[in-house]
Asks: 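Could you have a look at this structure, given as structure tokens, before my questions?
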2 protein chains.
Amino acid sequence: MNLQQLRYLRETVRRDLNLTAAALALHTSQPGLSKAIRELEDELGITIFVRHGKRLTHLTDAGRDVLAIVERILLEIDNLKRSSMNWHDAQTGELRIAATHTQARYSLPPAIARLRTQYPEVTVRLHQGSPTQIVEMIRSGQVDLGIATEAIGQQADLDSEDLFCWYHCVIALPSHPLCQLAEVSLEALAEHDLITYDPQFAGRGHIDRAFNEHRLKPRIVLEATDSDVIKTYVRLGLGVGIVSELAFSEDDEAEGSTMATDRLVRLPIDRPFARNLTRVAFLHGRILRRYEQALIDAMKH
Amino acid sequence: MNLQQLRYLRETVRRDLNLTAAALALHTSQPGLSKAIRELEDELGITIFVRHGKRLTHLTDAGRDVLAIVERILLEIDNLKRSSMNWHDAQTGELRIAATHTQARYSLPPAIARLRTQYPEVTVRLHQGSPTQIVEMIRSGQVDLGIATEAIGQQADLDSEDLFCWYHCVIALPSHPLCQLAEVSLEALAEHDLITYDPQFAGRGHIDRAFNEHRLKPRIVLEATDSDVIKTYVRLGLGVGIVSELAFSEDDEAEGSTMATDRLVRLPIDRPFARNLTRVAFLHGRILRRYEQALIDAMKH
DNA sequence: CTTGCTTACGAGACTCGTAATAATT
DNA sequence: AATTATTACGAGTCTCGTAAGCAAG
């Protein structure tokens, strides 16, 4: 038995039991991969894959057990390298992060800037996706860390840490009727066209829940995954925006646009939607590089 | 990197950093082992061992980290084989048990007898030792399961399961003065010569504690690790015995000896010592063979 | 008839053991 | 002087890639 066989097995499963695709991904030959897997099966004395003639169709029960153990072994092999790098060369490396737009655009930049001064030799790669896509990217090893507000805390195969909390805020053009009110209520909000996040994203669940609890039916005329897109449509006068407070600052508005009538303003409303908790997640049991931990610490507040 | 290097590293540490001894244990050559370890260090980019000239003196900090991960990897490699065997040939194998004398002599026999009918192809090897020795035998991989009443539950690197509870009983020759009493008290016991277990063994702690709580100083004239040895000296008239109730049955006494005056009897005393819990332990995270789980289940009651 | 797994075979790499060397205790 | 690790080197093994074969959709 050797590690190569285990890597081959994992990749074959990841590529949906297509040996050709797995061989390609592993930069090796299909026959070699085929042989390696058969040898592993022989040595363990079990069949891992059910074969229909010459096609692999699915995993056996034994194969599922074996695969789970193999995943753990390869994770620990990776930990061996990571831990060694932490001792030998803690400064250099690669940091692949998956985050939602809001995190990538608003909460990550200062943390990454800080990281770049602490660890100038570390290459940072930023991927974007929905929370569920982020979870998949972590699982498949495409990224090291995932940052999101939804879906990321309750995965059994991921470890996670709390980063920070935030609330939604409500924004509109100064000319909007709601801007006349001294205090805006949820009821008032429900009477206007609203623009906010796609259901998967950025605490949208909390928004729907708040309206539901007040037995209100909000008129959401536009959904987007991206705070900037939402703000753009609010500027066009399509409605009132509900975005993460991370994504809105009246100072930035003042800088950005020249005309005061274009500047979005925050409506006076007292945190109508529940608190959101942004978390970072990574593979369960994975040892973190020092710079990974540094990034996480830099984002905590 | 390959698994051989990891096995070599573990064995070297187990043999106190003596490459010659490790090479011997691994049935390989010293130079090969030396080279393998240097190559592992090179590949990981760290030094694992501090060297004084040509001697390995101790582990580096990085080495300690690496070793912990290597132990986990090798455990999982072992799990791969064990899990496969559970699917492919659940009937055959080897079962190495470490137990104290009392367990080996009194509680294990029926369970092992049952196991032998369920799994006639399994070879059972029985080792004896003190609870701390048993823990060491599990740690070093000399045995698969350890069974004892002391020391075995609170090891962080071992998993364990409760098996059963038992109490101590007090035994004496029928001619002993205490046999005249309708009920024996702890105070009465403290006035006679006592024979019981060595401090490490079979719940001796509970015996001392009970006397202490009653501010009594028992006269323990003989200590042994072995219930049978204790019974033998009780038969010789050296004193009153305190043994596990597992190790004493008046029926067995009736069968064993012909003369009624030789038969030990249980004194009427109402469980003066705290309950003992016998547990089974094995390496943390180790997958159990089916027959191992069967033995454990057979011992639970 | 295309896609995809397996078998066959040979060049190159690698492993591992022996012998010699060097450094501690 | 004895013990123990490292270096050198070569025989045997193993890995892995190419080419050919063959089964399934």
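The sequence lines fix the lettering, A, B, ..., with proteins before strands; numbering per chain opens at 1.
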Asks: Out of A:Arg7, A:Arg15, A:Arg14, which residue meets the side-chain hydrogen bond (donor to acceptor under 3.5 Å, both in side chains) rule with A:Glu11?
Replies: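 The single option meeting the side-chain hydrogen bond (donor to acceptor under 3.5 Å, both in side chains) with A:Glu11 is A:Arg15.
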Asks: Atom CD of A:Glu41 and atom P of C:dC5: how far apart are they, to the nearest Å?
Replies: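 Value for this atom pair: 13 Å.
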Asks: Heavy atoms from C-beta onward define the side chain here; which of C:dT6, D:dT7, D:dT4 lies closest to that of A:Arg51?
Replies: C:dT6
Asks: If you measure only the distance, is there a donor-acceptor pair under 3.5 Å linking the side chains of A:Thr102 and A:Thr100?
Replies: no
Asks: Between D:dT18, C:dT6, D:dA5, which one does the side chain of A:Ser29 approach most closely?
Replies: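 Output: D:dT18.
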Asks: Can you figure out which of D:dT15, C:dT7, C:dT15 approaches the side chain of B:Asn2 most closely?
Replies: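 So the side chain of B:Asn2 is nearest to C:dT15.
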Asks: When we call it a touch if two heavy atoms are under 4.0 Å apart, what does B:Thr20 touch: a base, just sugar-phosphate, or nothing?
Replies: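 Sugar-phosphate contact only - B:Thr20 comes under 4.0 Å of backbone atoms but never of a base.
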Asks: Tell me: CD1 of B:Ile37 to P of C:dC16, nearest whole Å?
Replies: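 To the nearest whole Å, that distance equals 13 Å.
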Asks: Using only atom types and a distance under 3.5 Å, with no angle test, would you say the side chain of B:Arg116 pairs donor to acceptor with the backbone of B:Val122?
Replies: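 Yes, because the side chain of B:Arg116 sits within donor-acceptor range (under 3.5 Å) of the backbone of B:Val122.
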Asks: Both A:Gly32 and B:Gln30 contact DNA chain D. Which one's nearest nucleotide lies toward the 5' end?
Replies: B:Gln30
Asks: Under 4.0 angstrom, heavy atoms only, what part of the nucleic acid is A:Gly53 near: base, sugar-phosphate, or nothing?
Replies: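 The answer is sugar-phosphate, as A:Gly53 gets under 4.0 Å only of primed atoms, P, OP1 or OP2.
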Asks: Expressed as a whole number of angstroms, how long is the span from B:Leu26:CG to C:dG17:P?
Replies: 11 Å
Asks: Between the side-chain atoms of B:Arg55 and the base atoms of D:dA5, is any donor-acceptor pair under 3.5 Å?
Replies: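 Check fails, no donor-acceptor contact within cut-off.
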Asks: Measure CG/B:Leu24 against P/D:dT3 and give the value in whole Å, please.
Replies: 14 Å
Asks: Looking at the side chain of A:Lys35, which of C:dT6, D:dT6, D:dC16 is the nearest nucleotide?
Replies: D:dC16
Asks: Can you tell me how far P of D:dT3 sits from CG of B:Asp16, to the nearest Å?
Replies: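 About 18 Å, once rounded to whole Å.
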Asks: Could you state the CG-C1' distance from B:Leu33 to D:dT4, rounded to the nearest angstrom?
Replies: 13 Å
Asks: Looking only at the side chain of B:Lys54 (C-beta and beyond, no hydrogens), which of the listed nucleotides D:dA8, C:dA22, D:dA23 gets closest?
Replies: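 In terms of side-chain proximity for B:Lys54, the closest of D:dA8, C:dA22, D:dA23 is C:dA22.
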Asks: Take B:Asp61 and B:Arg64, measure what salt bridge (charged side-chain N to carboxylate O under 4.0 Å, His left out) needs, and give me the verdict at the end.
Replies: CA-CA 5 Å; B:Asp61 290 341; B:Arg64 249 183 299 281; 2.9 Å; yes
Asks: Counting the atoms with a prime plus P, OP1 and OP2 as sugar-phosphate, which does A:Leu17 contact under 4.0 Å by heavy atoms, base, sugar-phosphate, or nothing?
Replies: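 Counting heavy atoms under 4.0 Å across all strands, the contact made by A:Leu17 is with sugar-phosphate only.
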Asks: How far apart are the C-alpha atoms of A:Thr92 and A:Tyr291, what are their side-chain angles, what is the distance that settles it, and do they pass the side chain to side chain donor-acceptor pair (under 3.5 Å) test?
Replies: CA-CA 9 Å; A:Thr92 71; A:Tyr291 54 77; over 6 Å; no
Asks: Taking the minimum atom-to-atom distance to the side chain of B:Leu56, which one of D:dA8, C:dT6, D:dA5 wins?
Replies: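 When the side chain of B:Leu56 is considered, D:dA5 is the closest of D:dA8, C:dT6, D:dA5.
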Asks: Mind calculating the distance between CG (B:Asn18) and P (D:dA5) to the nearest angstrom?
Replies: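 Going from CG in B:Asn18 over to P in D:dA5 covers 5 Å.
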Asks: Roughly, in whole Å, what's the span from CZ in A:Arg15 to C1' in C:dG4?
Replies: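 Taking CZ of A:Arg15 and C1' of C:dG4, I get 16 Å after rounding.
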Asks: Between C:dT7 and A:Ser34, is there an OP1 or OP2 to side-chain N/O distance shorter than 4.0 Å?
Replies: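 Negative; the distance criterion is not met.
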